[in-house]
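Both counts, for ligands and for their atoms, begin at 1 and track the order of listing.
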Amino acid sequence: MSVSRIDYVVRPGGAVRGRLRVPGDKSVSHRSIMLGALAEGETEITGFLEGEDSLNTLRCFRRMGVEIEGPEDGRVRVRGVGLHGLEAPGEDLYVGNSGTSMRLMAGILAGQAFDSRLTGDASLSRRPMGRVTEPLRAMGAVIDTGEGGLPPLAIHGGQRLRAIDYALPMASAQVKSCVLLAGMYAEGETRVTEPAPTRDHTERMLAGFGYPVRREGATAILQGGGRLEGGAVDVPADISSAAFWLVAASIAGEGELLLEHVGVNPTRTGILDILERMGADITRENPREVGGEPVADLRVRPADLRGIAIPEDRVPLAIDEFPVIFVAAACAEGETVLTGAEELRVKESDRIQVMADGLAELGVDARPTADGMVIRGGRIGAGTVDSHGDHRVAMAFAVAGLRAQGPITIRDCTNVNTSFPGFVAMAGEAGLTIEERSDAPA
Ligand code: S3P
């Protein structure tokens, strides 16, 4: 099957205004399927992200015998099979572009009685999996990887897992979650200590499903052998998708934007903190809590941004937002310096190199470093950039169009669908004109 590749052509300028509700949170959507499937009883999900990444998770659990209705308008009903009720999939579990699916599911699959094999697309097949196979092996899991610890992951079932006391070598919520999920199947108390706070959706949702998780400082702790109870999950709008509009409405010359029902879990709000330090005008309205996750509406008005040194402790809390933060920096007065962000090199693309190349193509003074970037704000020109199949890079350059001197062509934007279905239509509603062009088959 050949999939035609989509390029974007972004018309320069535009005002950003109105009210938007961006699609559901990707991290929460993945976890709602995983925990819903492993729970006893039914789970009713609303606001589910109907993007390719979370749909791949959903398809995998269907393949393991879980009955799942939907999604329809963000509604999904999962008939949980209990922690030990999954069935052997009978074929590879393909997770496409999704690192979260592969790393979290590896933890779950390590505890099953059956063998399984996780595979992904070309981008995911280049991403490191040693970070999950290492602690899982220490727990007694038996896993074969491709060369150099890369996917696919062949997981041999029927192992007895032991609890582990694990210090994460990097600030990664995916690795933390993988070990905690495996910990449910392990004998004893699993402890995971993080070097810096990372998103805590797994811990919150486990608790919401009635599985006790304790926290002692930087350590999350759970006891194996518990059970999950199905219930309702209301997925907030994804702050990582809202991020494009936070920057867009800040750098657009005029307009005012209200982003509705955005998840503002403090382990995700690094983007708000960073943009506010840069001088952005963002207010949180109507703060509330839905299903254990804090939510607010975010009002954004245009502002003159200034360059800053981004505090390193904010980096894990904004880890997915750097492509668009770099665009904000390109529009800011003075220099923005990012350090301590080497993790960006192993995302859906090498986001330091790919963003630096694209910004340079547009005439921006962007200097990549081993663990970050130095950007001097100024003029954004016109030109052609390559997203390298990275959804967030593609959307970041679309936002740059608001301040560009001429059209920006962005190559390879098909994967925007992994996290933000309907992005182009929503951009049109907000005031940013993007033309989609189908190119040669990918
Ligand atoms: C995610 C964690 C982050 C993030 C990814 C989603 C999650 O990855 O980049 O998009 O849902 O746990 P790391 O934990 O590897 O930094």
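- Taking the six-membered ring for Trp, Y185 and H84 have ring centres closer than 6.0 Å.
- Of the candidates H201, R31, R103, K176, R31 brings a heavy atom nearest to atom 12 (O) of ligand 1.
- A salt bridge (charged side-chain N to carboxylate O under 4.0 Å, His left out) with D238 is found for one member of R268, K26, R392, R199 and no other, namely R268.
- To the nearest 0.5 Å, atoms CG (L206) and OG1 (T202) are separated by 6.5 Å.
- At least one heavy atom of T100 sits less than 4.0 Å from an atom of ligand 1.
- Ranking protein heavy atoms by distance to atom 15 (O) of ligand 1, first place goes to S172 OG, 3.1 Å.
- Selection from K26, M170, Q174 by nearest heavy atom to atom 2 (C) of ligand 1 gives Q174.
- Given atom 14 (O) of ligand 1, the protein heavy atom at minimum distance is A173 N, 2.7 Å.
- For D73, the CG atom counts as loosely surrounded, since its 6.0 Å shell holds 12 or fewer non-hydrogen atoms of other residues, nucleotides or ligands.
- For atom 10 (O) of ligand 1, the closest non-hydrogen atom of the protein is D320 OD2, 2.8 Å.
- A salt bridge links E335 with R367: the distance from a Lys NZ or Arg NE/NH1/NH2 to an Asp or Glu carboxylate oxygen falls below 4.0 Å.
- Annotation: V175 places no N or O atom under 3.5 Å from an N or O atom of ligand 1; distance criterion only.
- Not a single heavy atom of H30 sits closer than 4.0 Å to an atom of ligand 1.
- Heavy-atom contacts of I319 reach the following atoms of ligand 1: 9 (O) (cutoff under 4.0 Å).
- The shortest N or O to N or O distance between E343 and ligand 1 is not under 3.5 Å.
- Closest protein heavy atom to atom 11 (O) of ligand 1: S27 OG, 2.7 Å.
- Here the CG atom belonging to N97 is positioned 6.0 Å from the NE2 atom belonging to H391, to the nearest 0.5 angstrom.
- Taking CG of L20 as the start and CG of L298 as the end, the distance is 11.5 Å to the nearest 0.5 Å.
- The closest non-hydrogen atom to atom 16 (O) of ligand 1, taken over K347, E348, R131, R199, comes from K347.
- Under 3.5 Å, the side chains of S27 and H201 contain no donor-acceptor pair of N or O atoms.
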